Amino acid sequence: DKTYAPSLAYVGTGEGMAAFGWGLYATMMGLRGISGFYQKQYEARHGAFAQLNEDEQAEYTELSNQLSGGMRRRVAIATVFANEPDVLLMDEPFVGLDYVLRTALHKVLLDLWADSRCTVFFVTHDIDEALALADRVLVVSHGRIVYEAPVKLDRPRSAEALVSSQASELRLKIMHHIGSDSSTET
């Protein structure tokens, strides 16, 4: 009896990124449950890197280091979408980027998502980023959902839509629930 297990992919920040670079780390984390194709893919890639001699590992590292941070993140996002996951977990993948690059990567993400329509759980501490990307915002505090709201802004989301009265009202409600604006009532 086969039980369906949705495929799961992950893009985020962490120590693994430092050792392998964005693209390889994201690919390695593109696992289908605990076993299956993606686990074998991870083991094969990790094993292949380990089999390289010191000079070959240094050459790979040098080549991957030639990519800009933004390009590494584009590669990571494209790589996980190429694996066609059912669910994509993104843990602050654009943290630390300037506004222009972050906005460009939002477009890359949204374009790839429009083609795949997989479920994306996007973790961010940036309210504007949540409004730009999300269909639904969840505010989590101490492991519990304390607020949930649909984002009913038309796609694609223009700069005007993101500063509209509807977006501003939702932004204030979110701020109230994360404790940033104790004077606002919802």
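It should be emphasised that the depicted structure is a prediction, and the values quoted were computed from it without experimental measurement.
- In this structure, the separation between CG on Asp128 and CZ on Arg102 is 9.5 Å, given to the nearest 0.5 Å.
- Nearest heavy atom pair, residue Val146 against residue His177, reads O-CD2, 3.7 Å.
- Cluster partners of Val123, using a side-chain heavy-atom cutoff of under 4.5 Å among ILVMFWY residues and allowing indirect links: none.
- Of all non-hydrogen atoms in Ala161 and Ala167, the two that sit nearest each other are O-CB, 3.3 Å.
- Within the structure, every pair that satisfies the ring pair (Phe, Tyr, Trp, His ring centres under 6.0 Å) test and touches residues 115-140, not counting sequence neighbours, is listed here: Phe94-Phe122.
- Applying the salt bridge (charged side-chain N to carboxylate O under 4.0 Å, His left out) test to Arg117 and every residue at least two apart in sequence or in another chain returns nothing.
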Tabulate below the donor-acceptor pairs under 3.5 Å that side-chain atoms of residues 105-115 make, not counting sequence neighbours, or state none.
from, atom 1, to, atom 2, distance (Å)
His106, NE2, Glu129, OE2, 2.8
Lys107, NZ, Asp111, OD2, 2.8
Trp113, NE1, Cys118, O, 3.0

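- Residue Asp154 qualifies as open at atom CG: its count of foreign heavy atoms under 6.0 Å is 12 or below.
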I'd like a table of donor-acceptor pairs (distance under 3.5 Å, sequence neighbours excluded) in which one partner is a side-chain atom from residues 131-141, with atom names and distances.
from, atom 1, to, atom 2, distance (Å)
Asp135, OD1, Arg155, NE, 3.3
Asp135, OD1, Arg155, NH2, 2.9
Arg136, NH1, Glu148, OE2, 2.7

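- Residues meeting the side chain to side chain contact (heavy atoms under 4.5 Å, CB included) test with Ala149, sequence neighbours left out: Tyr147, Leu170.
- Looking only at side-chain heavy atoms (C-beta outward), Leu153 and Ser164 come within less than 4.5 Å of each other.
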